[in-house]
**Student:** 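Right, I'll just put the structure down here and ask away after.
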Amino acid sequence: MIETLFRYVNIVIDRIQIREAFYMILYMSIFAVIVGFAIYLIQEIFDKKISPKWKVIMWGVFIISLIVPLNINGVYESNNMFMKLLNPIQEISFKQEVDERQAEYNTYIQRQDTTFEEYKVVRGNLYTAYAKYIIFDIVIPCLWVGVIGILLLRYLWLRRKINRLSVSDLLTNKRILEIFEETKKELNIKKDIVLINKKGILSPAIYGITNTKIFLDEDNVKEKTDKEIQYILMHELSHYQGKDLILNFVLNLLKTIYWFNPFLYVLFKRMRQDMELKADANVLKHLKPEENKEYAMTIINALRDRLYKSYKQEVLNLAGVESDTERRIYMIKFFPKFKAKPIRITMISLTLIVIIGGIFFIGNIAKVEENYFAYDYEDMIPYKIQYVGDFNSVKNLVQKLSLGNYAQSIFTRNEEENPEQYYLEIHYYTNYIVEEKNREYEIFKELPLEKKEELFKKNAVTLLSLIDNLHAVEVIAHQSDYDSDVVYEKIYEREELEKEYGVDLRTYTYNPDNFPFEEDLVS
């Protein structure tokens with residue numbers, strides 16, 4: 001029962017590749033944390049010397065590391081300690097251990113000299129492998145996808161909630177609307193942005209990449225002076241002008257995908273703080289020096305009145321993120337210094353990022369030549385099978401040999417003239433949509449005929465030596481799918497091969513050094 005369930009679950013997991021996706025994301029998250037905290041450290045050292053705009057630009061390296069996979073595994077190898085520690089994360093899977101334990105179990109139960117204690121150990125090893133496979137290959141990746149689904153539904157619910165707020169009550173205060181239009185004109189913003197009156201939002205906020213809205217509590221805002229209202233609106237419009245709404249959407253999406261990594265939350269929070277600093281800096285560019293203090297007091301009042309709602313991360317608001325008050329006030333006070341020589345400090349910071357990246361990740365990197373067709377015969381011996389009728393074990397063994405991923409159809413049959421002679425018929429073809437998955441098969445089709453012959457002959461000798469009652473192996477390699485043209489077809493019979501090599505092929509299992517093929521036949 002457990003074996004049947006495993007087989008079907010394994011097919012589903014392999015097809016949709018949840019496990020591969022999760023462990024790639026886990027690998028990228030760890031890599032990004034190292035990059036992110038390197039940026040964080042540099043900013044802490046030079047915080048009062050780097051301009052707000054360049055602080056946000058520096059985070060671009062961090063965002064790229066979360067979006068673009070740095071996967072050199074299998075193509076290049078590095079002697080760098082950190083890369084050697086990180087790369088195995090992408091390969092986490094206990095499927096092979098299950099296959100090995102299953103083969104060990106199948107071999108053991110066919111023996112005559114067994115004890116119950118030994119049987120319990122072998123069976124326990126098999127169940128342990130199944131448990132690890134279920135937890136690490138199925139449960140954890142599926143949990144990751146499940147939580148992403150929940151978070152996306154929550155986001156859609158919040159988005160609907162905010163959109164419902166939008167149609168509830170347009171702001172109608174003539175004084176505020178006039179100041180708003182003047183502020184848009186000063187910032188040269190022509191987009192139609194709507195002001196929404198929403199009671200309870202004591203900190204003004206902006207939301208929406210395309211259908212942009214600014215939320216205000218009219219009763220609260222109308223008590224402020226014209227200058228304070230202008231500062232509030234200018235700050236929110238600066239978020240729009242600086243493309244912060246797009247960046248905030250990307251951050252929310254990444255936070256959904258990487259929900260399991262708490263260290264990224266710290267970095268996302270710091271990035272939002274820097275976005276607020278950038279918006280403040282943009283406002284200050286349009287103010288006179290004597291107005292800076294008034295703007296700072298407007299922010300302090302907004303921080304005092306802060307009221308966080310459930311959708312606080314979906315919007316960008318004047319009050320900003322907690323714990324960033326001191327940095328914002330300092331930047332406002334010394335804003336002229338930030339404008340003086342931002343490039344020099346920024347270049348130093350970017351250079352430090354490159355140096356830190358080099359220390360952590362760069363080593364002697366050398367190209368690894370991929371060999372899709374090599375396998376060691378000795379590694380196959382634990383999968384020895386007594387009867388060809390043990391179909392699951394036979395299929396498992398076939399798929400471990402050259403082109404095993406493309407052994408899509410496997411049949412067993414016996415001859416009418418001699419019912420005790422069993423044949424194994426294997427059809428090789430592709431059924432992957434992703435082109436990269438077909439790479440091995442495309443390389444195979446380009447091989448000379450003698451190389452194809454040698455490759456399948458090695459497979460046949462391996463199968464005939466490991467399956468005791470198997471008489472012959474028929475291989476049929478198709479051009480693409482099952483119904484396409486045949487590029488190679490041949491029957492390998494035990495009798496003929498044993499005559500060629502002068503031995504019973506089964507003897508290779510206890511004399512593997514005599515196996516007549518090299519591990520690598522193609523390179």
Side-chain angles (χ1 to χ4, degrees), residues 7 10-21 23-24 27 69 71-77 87-88 90-100 137 366-380 383 394-411 424-463 466 473-490 492 515 517-523:
R7 186 170 71 252
N10 186 42
I11 291 171
V12 173
I13 293 296
D14 283 348
R15 291 296 181 194
I16 59 181
Q17 296 185 316
I18 294 177
R19 181 196 63 79
E20 289 85 349
Y23 287 110
M24 171 60 80
Y27 164 81
N71 183 12
I72 67 171
N73 211 20
V75 179
Y76 295 90
E77 61 179 8
N87 280 334
Q90 303 172 76
E91 305 299 325
I92 291 177
S93 176
F94 290 91
K95 180 178 181 294
Q96 183 175 349
E97 184 176 337
V98 167
D99 292 342
E100 290 171 354
D137 287 51
K367 188 172 179 61
V368 177
E369 296 297 331
E370 292 181 285
N371 188 347
Y372 298 107
F373 309 107
Y375 67 87
D376 189 344
Y377 176 74
E378 288 192 56
D379 293 338
M380 301 299 112
Y383 300 94
V394 171
K395 182 180 179 182
N396 180 44
L397 175 58
V398 170
Q399 292 179 339
K400 291 187 178 300
L401 306 181
S402 297
L403 292 176
N405 290 333
Y406 303 94
Q408 307 288 358
S409 300
I410 303 172
F411 307 100
L424 188 62
E425 182 180 323
I426 308 170
H427 290 261
Y428 295 87
Y429 54 90
T430 63
N431 66 350
Y432 293 106
I433 297 174
V434 182
E435 190 64 31
E436 182 64 25
K437 284 282 187 179
N438 297 326
R439 185 177 178 188
E440 177 183 353
Y441 203 75
E442 294 302 318
I443 293 173
F444 156 75
K445 289 192 296 185
E446 296 298 323
L447 293 176
L449 181 60
E450 61 270 17
K451 285 291 185 181
K452 292 187 179 80
E453 159 73 19
E454 196 173 8
L455 186 148
F456 281 124
K457 193 174 186 181
K458 179 184 177 183
N459 280 4
V461 171
T462 300
L463 291 168
L466 295 177
V473 177
E474 181 177 2
V475 296
I476 304 169
H478 301 264
Q479 179 69 29
S480 54
D481 56 25
Y482 184 81
D483 296 321
S484 63
D485 295 337
V486 172
V487 297
Y488 184 86
E489 181 176 10
K490 187 165 183 177
Y492 297 90
F515 188 71
F517 296 93
E518 296 178 1
E519 179 178 341
D520 180 7
L521 298 177
V522 176
S523 296

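For the numbers below, each heavy atom of this structure counts, side chains included, while hydrogens, waters and symmetry mates do not.
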**Student:** Ignoring hydrogens and geometry, is there a side-chain-to-backbone donor-acceptor pair from K452 to L447 under 3.5 Å?
**Tutor:** yes
**Student:** Check side-chain contact (heavy atoms from CB on, under 4.5 Å) between E97 and all other residues, then give those that pass, not counting sequence neighbours.
**Tutor:** F94, R101, A129, K132
**Student:** Please check if the side chain of K445 supplies one atom and the backbone of V487 the other of a donor-acceptor pair under 3.5 Å.
**Tutor:** no
**Student:** Any non-hydrogen side-chain atom of F456 less than 4.5 Å from a side-chain atom of V473?
**Tutor:** no
**Student:** Return the set of residues passing side-chain contact (heavy atoms from CB on, under 4.5 Å) with D379 (not counting sequence neighbours), or none when no residue passes.
**Tutor:** D376
**Student:** May I ask you to establish whether K457 and Y492 are in a cation-pi arrangement, using a distance under 6.0 Å from NZ or CZ to the six-membered ring centre and at most 45° from the ring axis?
**Tutor:** no
**Student:** Give, for atom CG of L463 and atom CG of L397, the distance between the pair rounded to the nearest 0.5 Å.
**Tutor:** 5.0 Å
**Student:** Is the distance between the ring centroids of Y406 and Y429 under 6.0 Å?
**Tutor:** no
**Student:** Calculate, to the nearest 0.5 Å, the distance between atoms OH and CG belonging to Y488 and L403 respectively.
**Tutor:** 12.0 Å
**Student:** Would you please test K490 and E453 for salt bridge (charged side-chain N to carboxylate O under 4.0 Å, His left out) and show each step?
**Tutor:** CA-CA 9 Å; K490 187 165 183 177; E453 159 73 19; 3.3 Å; yes
**Student:** If you take all heavy atoms of D137 and S93, which pair is closest and at what distance?
**Tutor:** OD2-OG, 2.6 Å
**Student:** Within the 4.5 Å heavy-atom criterion, are F411 and E474 side-chain neighbours or not?
**Tutor:** no
**Student:** Does a side-chain heavy-atom distance below 4.5 Å link L466 with M380?
**Tutor:** yes
**Student:** Would you sort out whether I426 and L424 count as a side chain to side chain contact (heavy atoms under 4.5 Å, CB included), showing the intermediate values?
**Tutor:** CA-CA 6 Å; I426 308 170; L424 188 62; 4.1 Å; yes
**Student:** Partners of F515 by ring-ring contact (aromatic ring centres under 6.0 Å, His included), sequence neighbours excluded?
**Tutor:** Y377, Y508, F517
**Student:** Evaluate the side-chain proximity of N405 to Y441: yes if any heavy-atom separation is below 4.5 Å, no if none is.
**Tutor:** no
**Student:** Are the side chain of D485 and the backbone of H478 linked by a donor-acceptor contact shorter than 3.5 Å?
**Tutor:** no
**Student:** Could you tell me whether the side chain of K400 reaches within less than 4.5 Å of the side chain of Y383, counting heavy atoms only?
**Tutor:** yes
**Student:** Does E450, at its CD atom, have more than 12 non-hydrogen atoms belonging to other residues, nucleotides or ligands within less than 6.0 Å?
**Tutor:** yes
**Student:** Looking only at heavy atoms, which two atoms of K395 and I410 are closest? And how far apart?
**Tutor:** CG-CD1, 3.8 Å
**Student:** What distance separates Y27 OH from I92 CD1, expressed to the nearest 0.5 Å?
**Tutor:** 12.5 Å
